[in-house]
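The next block holds one structure in the form of structure tokens; read it before the comments.
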Amino acid sequence: MKKRETDMMHRFKTEEILCDPGPARMFADTKDRTFVVTLGTSTPSPNPYRLGAAGAVVVDHYPYLIDAGEGVIRAIAKAATAHGRFLVDSFAPKKLTTLFITHLHSDHIVGLSSLILNPWIFGRTEPMTIYGPEGTKELVDHLLKAHERDIHERINGAERSNDTGWRVEVHEITESRVVHTDERITVEAFFHPHGTIANLGYKFTSSDKSVVWAGDGKINEEFADACHGVDMLVTEICSQETLPNAPWGGLSEQEKEDIIWSYHLKPSELAELADREGIGRLILIHESNYSLPYRSEALFEEMRTYYSGEMVSSRDADVF
Ligand SMILES: [Zn+2]
Ligand SMILES: [Zn+2]
């Protein structure tokens with residue numbers, strides 16, 4: 001894929017990098033049992049005010065994590081300490097044990113080492129359980145191998161760390177199905193297109209809320225079925241209007257259209273899905289907004305021209 005060297009490529013020169021979206025917000029009724037937390041709302045663009053792709057569905061003070069982008073532990077710490085420390089016990093290190101990975105693009109997994117190792121340093125004894133597409137086991141094995149000296153030193157050196165909390169049980173998902181059930185939640189995985197990479201969305205159903213957390217990417221029948229009547233859909237979105245300014249996807253406008261629309265979701269497509277399936281609220285994360293000069297509201301305004309329902313352009317540590 002050809003890339004043109006422009007100021008959009010030199011991300012630190014873009015206006016987007018200066019854009020602080022503002023403080024985290026509490027949208028939920030604190031008496032609810034289930035909360036959705038947008039931990040990291042960034043694309044790969046290194047905005048210093050947004051951490052890498054990550055989220056959580058918290059049920060009865062227990063977190064089910066989704067993706068582990070750059071800075072995931074910092075993002076969890078931010079959410080734990082926001083809103084008067086409302087979620088501080090929900091994100092206790094010992095409870096950070098269950099993760100669902102949407103896909104293996106680096107912006108969704110580069111924080112995985114710290115999610116495995118950091119809570120262990122602070123006393124987690126239970127091994128992690130990680131769900132993800134094919135390749136997740138290999139990824140985890142390589143990471144543990146890379147950190148072998150650290151793990152060995154912490155167990156056998158002065159720290160005397162436990163020998164269980166660094167371990168990981170991986171479940172690779174190869175077909176759409178229910179992948180996890182316990183007394184709090186049922187989690188169903190479904191595949192949907194995102195370029196050429198295996199890409200999963202997850203539907204979380206608890207006693208009081210239903211939530212679809214999509215991977216990056218396009219709508220297919222399974223994605224649409226999962227969204228039918230849900231309270232919330234958390235999804236990426238990519239601007240149609242400003243696509244010609246995209247710093248990737250080819251040189252010509254046509255090339256960009258062909259390539260980027262095989263990977264990402266258009267506002268018109270998302271609006272049509274939400275109207276047709278009766279989704280309660282859209283929560284936008286991972287916003288690809290190529291406006292020049294940069295305006296953070298540009299993509300939300302574009303989405304509004306297609307959709308009049310409940311919708312939030314989310315920030316790190318927002319709670320729904
Ligand atoms: Zn991706
Ligand atoms: Zn991504």
Side-chain angles (χ1 to χ4, degrees), residues 1 3 8-9 11 14 16-17 21 36-56 65-72 74-75 99-115 130-136 138-139 172-173 189-202 212-220 222-223 226 233-240 242-243 246-250 256-267 269-270 282-290 296 299 303 313-316 318:
M1 198 182 302
K3 291 189 180 189
M8 284 294 267
M9 288 294 288
R11 297 305 291 175
T14 63
E16 185 223 324
I17 294 303
V36 171
V37 188
T38 49
L39 294 169
T41 57
S42 185
T43 62
S45 186
N47 181 314
Y49 303 101
R50 291 184 188 271
L51 291 163
L65 301 166
I66 305 119
D67 285 340
E70 192 170 6
V72 60
R74 319 279 139 171
L99 172 70
F100 298 85
I101 293 174
T102 60
H103 63 300
L104 300 185
H105 273 156
S106 60
D107 55 313
H108 296 252
I109 53 170
V110 285
L112 191 51
S113 294
S114 71
L115 187 56
I130 299 181
Y131 299 87
E134 226 175 318
T136 303
E138 192 183 26
L139 169 72
E172 290 192 344
I173 300 166
F190 59 91
F191 284 92
H192 65 113
H194 179 40
T196 49
I197 197 164
N199 179 57
L200 290 158
Y202 295 96
V212 169
W213 195 294
D216 290 352
K218 311 297 286 182
I219 297 157
N220 60 2
E222 287 177 76
F223 186 170
L233 166 63
V234 187
T235 177
E236 66 119 345
I237 187 76
C238 178
S239 170
Q240 273 161 278
T242 67
L243 194 80
W248 70 290
K256 284 186 206 288
E257 298 239 343
D258 293 345
I259 291 169
I260 294 178
W261 297 135
S262 74
Y263 278 88
H264 290 295
L265 193 52
K266 297 177 186 180
E269 293 169 333
L270 177 57
L282 294 180
I283 300 169
L284 307 179
I285 53 170
H286 199 291
E287 296 184 22
S288 301
N289 170 355
Y290 304 117
S296 60
L299 181 49
M303 187 63 205
S313 169
S314 72
R315 304 170 184 172
D316 291 9
D318 277 353

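Quick caveat: nothing in here was measured; it's all calculated off a predicted structure. As the structure lists them, so they are numbered: ligands from 1, and atoms in each ligand from 1. All heavy atoms count here, side chains included; hydrogens, waters and symmetry mates do not.
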- Message: I need the minimum non-hydrogen distance between Thr136 and Pro133, along with the two atoms involved.
- Response: OG1-O, 2.6 Å

- Would you call the rings of Phe190 and His192 parallel, tilted or perpendicular, where under 30° means parallel and over 60° means perpendicular? tilted

- Query: Below 2.8 Å, any N, O or S contact between Asp107 and the Zn ion (ligand 2)?
  - Reply: yes

- Task: Restricting to N/O/S, name the atom of His105 that gets closest to the Zn ion (ligand 1).
- Result: ND1

- Item | Metal check, the Zn ion (ligand 2) vs His103 N/O/S, cut-off below 2.8 Å | no

- Task: Tell me which N, O or S atom of Asp216 sits nearest to the Zn ion (ligand 2).
- Result: OD2

- In this structure, which one of Thr41, Thr43, Thr38 forms a side-chain hydrogen bond (donor to acceptor under 3.5 Å, both in side chains) with Arg50? Thr41

- Drop me the distance from Thr235's OG1 to Glu287's CD, to the nearest 0.5 angstrom. 10.5 Å

- With a 3.5 Å cut-off and no angle check, do the side chains of Thr102 and Asp67 form a donor-acceptor pair? yes

- Message: Among the N, O or S atoms of His286, which one sits nearest to the Zn ion (ligand 2)?
- Response: NE2

- Query: Do any N/O/S atoms of His108 come under 2.8 Å of the Zn ion (ligand 2)?
  - Reply: yes

